[in-house]
There are 2 protein chains.
Amino acid sequence: MTTMIPRRKSRIRQRNEDAILKAAEIVFAQRGFGAATTAEIAKRAGIPKANLHYYFNTKEDLYTQVLENILGTWLTAADDFNEDQDPKSALENYIRTKIELSRTRPEASKIFAKEIISGAPFLKDHLRGDINPWLEEKTRIFQSWIAQGKMAQVNVPHLFFLIWSMTQTYADFSTQISIVLDKEKLEKKDFDTACDMILSMVFALCNLN
Amino acid sequence: MTTMIPRRKSRIRQRNEDAILKAAEIVFAQRGFGAATTAEIAKRAGIPKANLHYYFNTKEDLYTQVLENILGTWLTAADDFNEDQDPKSALENYIRTKIELSRTRPEASKIFAKEIISGAPFLKDHLRGDINPWLEEKTRIFQSWIAQGKMAQVNVPHLFFLIWSMTQTYADFSTQISIVLDKEKLEKKDFDTACDMILSMVFALCNLN
DNA sequence: GTCTATACTGGGATAGAC
DNA sequence: GTCTATCCCAGTATAGAC
């Protein structure tokens with residue numbers, strides 16, 4: 001077992017893997033797993049196609065790696081609310097964080113969206129293993145806030161479905177939104193407008209004014 | 001020009017085309033254009049793979065046809081509100097219709113979602129040509145309601161982005177939602193719950209209570 | 001008019017070179 | 001340890017049979 005020691009990756013390996021992963025995120029976002037080609041990813045990463053298969057044995061390995069990375073940032077970035085806060089600022093922080101993720105990492109959101117729409121062939125286990133427990137814990141927190149009369153009685157899982165959809169649509173459907181708003185790409189101020197509207201709606205629903 | 005007369009399609013052709021289109025909708029929804037294979041569509045339609053190419057020359061032709069069909073139902077189903085109505089019932093009708101479409105034709109919604117997330121390579125022209133004018137007209141109507149003090153001042157395009165996202169998420173993300181709610185598939189009552197919440201939020205935002 | 005055997009292409013993966 | 005010539009299969013499309 002000579003490889004048990006977590007040897008430092010060679011500089012060249014590090015550089016190439018990073019380039020591949022970055023390229024893969026863009027290509028997978030646009031094409032989805034099935035339609036993406038290792039050729040396109042390699043080209044975008046600036047390495048020969050066949051070389052990509054040296055660093056990532058299969059296309060599936062590469063895709064899985066990309067999903068894991070995204071899931072990491074995702075769950076850590078939006079996990080900072082707890083029972084001691086008040087519901088209004090907890091929700092506000094969460095929604096602002098989600099909108100900011102959509103603005104700064106739209107590809108990540110798109111990859112997720114396509115994966116789920118396809119029936120989550122790769123993410124189903126993660127949905128059950130990571131996201132479900134996460135939501136159950138949050139639901140518990142909200143239930144206690146409701147019991148304490150700090151907010152209105154709402155269906156908590158559905159509240160999250162709606163928040164997810166509203167915040168992520170500005171990443172996933174940016175093409176359509178850009179066309180309607182007649183601009184090359186969405187600006188910070190569009191996300192701010194959206195965020196304000198979402199907050200109003202959610203606060204009203206939860207009776208937090 | 002013997003074919004100028006719009007001859008009735010033969011019965012066998014009609015039957016096969018219908019079967020192919022129906023199968024295509026399911027496969028394109030799950031895979032997207034690029035990853036879908038004509039073989040899988042043919043198999044699902046119950047005809048030999050090569051035969052499909054007799055009825056639809058190219059995969060692109062088939063996909064375009066599917067998109068057109070969807071766009072048809074889409075635009076007609078949700079186009080029945082005008083200046084003379086009051087904003088509350090207009091919005092309620094629209095949202096109920098959208099939710100009903102998500103419930104009864106989830107594949108259609110998924111195909112659209114994937115197409116847009118991919119940058120709308122096939123739909124870009126339709127977005128500019130059909131959907132944009134549609135939204136512009138609706139925006140005009142809402143502006144007049146706002147001017148008459150019948151509802152609060154809201155950003156109309158963004159209001160639609162949010163309504164679209166909330167209503168469509170129950171079709172597009174049904175896999176995730178089913179897992180969270182721990183059921184095989186979504187029931188009518190889940191859509192009803194969602195609809196009520198969406199209506200509450202939208203009415204509150206527009207000050208329609 | 002309807003169907004299928006077959007050609008051709010592009011893409012994932014590997015054996016072996018450097 | 002790094003890279004690439006090459007293989008093989010899957011997938012679209014067609015030429016020609018029925």
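Note that the structure is predicted; figures quoted are calculated from it, not measured. Naming convention: chains lettered A, B, ... in sequence-line order (proteins, then strands); numbering from 1 in each chain.
- Within 6.0 Å of the CG atom in Asn82(B), the count of heavy atoms belonging to other residues, nucleotides or ligands exceeds 12.
- Rounded to whole angstrom, the span from the NZ atom of Lys9(A) across to the P atom of dT2(D) amounts to 11 Å.
- In this structure, the ring of Phe112(A) has its center no less than 6.0 angstrom from the ring center of Phe28(A).
- Trp164(A) has its ring centre no less than 6.0 Å from the ring centre of Phe173(B).
- Put simply, CD on Glu40(B) is 10 Å from P on dT12(D), counting in whole angstrom units.
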Trace of the side chain to side chain contact (heavy atoms under 4.5 Å, CB included) decision for Asp172(B) with Asp172(A) = CA-CA 12 Å; Asp172(B) 303 341; Asp172(A) 303 341; over 6 Å; no
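- Rounded to a whole Å, the CZ atom of Arg31(B) is 15 Å from the P atom of dA10(D).
- For the OP1/OP2 pair of dG1(D) and a distance below 4.0 Å, the side-chain nitrogens and oxygens of Arg13(A) include no atom meeting the criterion.
- At the heavy-atom level, Ile47(A) lies nowhere under 4.0 Å from the strands shown.
- Applying the ring-ring contact (aromatic ring centres under 6.0 Å, His included) definition to pairs two or more places apart or across chains, none involves residues 38-57 of chain A.
- What separates CD1 of Ile41(B) from C1' of dA13(D) is a distance of 14 Å, to the nearest Å.
- If you take NZ of Lys43(A) and C1' of dG10(C), they are 14 Å apart, rounded to a whole angstrom.
- Judged by a 6.0 Å distance limit and a 45° cone about the ring axis, Lys114(B) is not positioned over the six-membered ring of Phe33(B).
- A straight line from CZ of Arg15(B) to C1' of dC3(C) spans 13 Å, rounded to a whole angstrom.
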Reading nucleotides 12-18 of chain C from 5' to 3' and marking B where a protein heavy atom lies under 4.0 Å of the base, S where only the sugar-phosphate is that close, and - otherwise, the string is BBB----
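- Look at CZ on Phe56(B): it is 13 Å from P on dT2(C), rounded to the nearest Å.
- Taking atom CG on Leu62(B) and atom C1' on dT12(D), their separation rounds to 13 Å, with Å as the unit.
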